[in-house]
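Just the heavy atoms: all of them, side chains too, but no hydrogens, waters or symmetry mates, feed the values below. Every value quoted in this text rests on a predicted model; they were computed, and no experiment measured them.
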Amino acid sequence: MTRDVLISISGAQIVEEDNQAVEMITRGDYFLKNGSHYILYDEVQEGVEGVTRNTIKIHRSGMDIIKRGSTSVHMTFEKEKKNISCYATPFGELMIGIRTNDIRIAEEEDRLKVQVDYTLDINYQHVSECNIVLEVCSKDTANIHLLS
């Protein structure tokens with residue numbers, strides 16, 4: 001895969017019968033180091049000053065998402081494990097618990113896809129069942145179609 005990539009992140013939070021979906025496509029940087037995939041990209045949040053620098057590390061046992069900037073957190077996704085971390089936002093700090101139920105990683109020459117199903121707790125209270133789909137592909141070979 002080339003260093004210059006397109007990143008698609010989509011996800012859903014299911015709270016009782018309400019399904020909240022989000023999707024984002026952005027440009028980023030990719031590299032492979034010691035058998036782990038690294039994806040770097042910047043994120044700007046509406047209504048919040050500053051930029052959040054995101055690092056996603058994908059390895060054999062799971063995935064880490066590290067955010068630094070206007071929001072800060074280190075989330076770890078490992079199958080059948082629960083990880084707790086502090087999520088610092090401009091509005092205060094939250095303790096989040098992530099129990100990864102399933103994680104699937106598919107690697108191709110110019111494409112990487114990770115699907116994660118997990119349970120989210122905030123301040124030790126169950127909030128929702130969630131999923132994330134991360135797709136990374138070389139910018140030169142990307143075939144992305146936006147739905148309107």
Side-chain angles (χ1 to χ4, degrees), residues 1-15 18-79 81 83-122 127-148:
M1 187 156 5
T2 62
R3 182 175 175 96
D4 197 15
V5 294
L6 288 179
I7 304 159
S8 168
I9 301 173
S10 59
Q13 287 188 342
I14 303 162
V15 182
D18 185 24
N19 186 349
Q20 300 174 0
V22 294
E23 185 174 13
M24 173 187 78
I25 297 173
T26 189
R27 191 205 78 60
D29 295 315
Y30 166 86
F31 62 94
L32 183 64
K33 181 178 177 183
N34 298 327
S36 294
H37 303 274
Y38 290 85
I39 298 100
L40 310 171
Y41 67 95
D42 290 335
E43 181 180 4
V44 178
Q45 293 177 325
E46 192 173 322
V48 177
E49 260 188 60
V51 172
T52 299
R53 181 77 173 153
N54 292 277
T55 302
I56 299 174
K57 178 183 177 185
I58 300 161
H59 44 89
R60 286 183 201 177
S61 60
M63 177 172 73
D64 291 277
I65 298 176
I66 303 160
K67 295 177 172 279
R68 292 190 177 101
S70 54
T71 61
S72 297
V73 69
H74 183 153
M75 297 180 285
T76 301
F77 300 87
E78 297 174 291
K79 188 172 183 174
K81 288 188 181 179
N83 291 286
I84 297 174
S85 59
C86 181
Y87 198 136
T89 75
F91 311 106
E93 293 183 355
L94 305 167
M95 290 303 295
I96 61 169
I98 296 170
R99 183 179 190 318
T100 306
N101 303 315
D102 193 22
I103 185 165
R104 297 168 303 284
I105 302 169
E107 300 176 54
E108 296 177 22
E109 184 178 334
D110 267 348
R111 184 172 301 270
L112 181 64
K113 183 175 184 177
V114 181
Q115 297 172 282
V116 183
D117 297 321
Y118 64 98
T119 301
L120 177 65
D121 296 343
I122 297 179
V127 174
S128 63
E129 299 297 319
C130 306
N131 66 55
I132 295 174
V133 178
L134 167 71
E135 293 187 71
V136 181
C137 60
S138 295
K139 188 176 175 187
D140 296 338
T141 60
N143 186 12
I144 294 177
H145 302 283
L146 299 175
L147 302 173
S148 48

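Using a 4.5 Å cut-off on side-chain heavy atoms (C-beta onward), E107 and I58 make no contact. A 4.5 Å side-chain heavy-atom check between F77 and I132 finds at least one atom pair inside the cut-off. C86 places a side-chain heavy atom less than 4.5 Å from the side chain of M95. Contact check for E78 versus N83: side-chain heavy atoms found under the 4.5 Å cut-off. Looking at heavy atoms from C-beta onward, L112 lies in side-chain contact with I39 at the 4.5 angstrom threshold. Residues S70 and E49 fail the side-chain proximity criterion, which asks for heavy atoms closer than 4.5 Å.
Between I103 and G62, the shortest heavy-atom contact is CD1-CA, 3.8 Å.
Shown here is R27, whose CZ atom has more than 12 heavy atoms of other residues, nucleotides or ligands within 6.0 Å.
A donor-acceptor contact under 3.5 angstrom links the side chains of H59 and D64, judged on distance only.
Not a single donor-acceptor pair under 3.5 Å links the side chain of S128 to the backbone N or O of C130. T2 places no side-chain N or O within 3.5 Å of a backbone atom of S138 that could act as its donor or acceptor partner.
How far NZ of K113 is from CG of L134: 10.5 Å, rounded to the nearest 0.5 Å. The distance from the CG atom of D140 to the CE atom of M1 is 12.5 Å, given to the nearest 0.5 Å. Separating the CG atom in N54 from the CG atom in D42 is a distance of 7.5 Å, to the nearest 0.5 Å. Separating the CE atom in M63 from the NZ atom in K79 is a distance of 14.5 Å, to the nearest 0.5 Å. Within the model, atoms OG1 of T76 and NE2 of H74 stand 3.5 Å from one another, a figure rounded to the nearest 0.5 Å.
The aromatic rings of Y38 and F31 sit parallel to each other, their planes meeting at less than 30°, with 60° as the upper class boundary.
Y30 pairs in a side chain to side chain donor-acceptor pair (under 3.5 Å) with only one of the listed residues (H37, K139, R3), which is H37.
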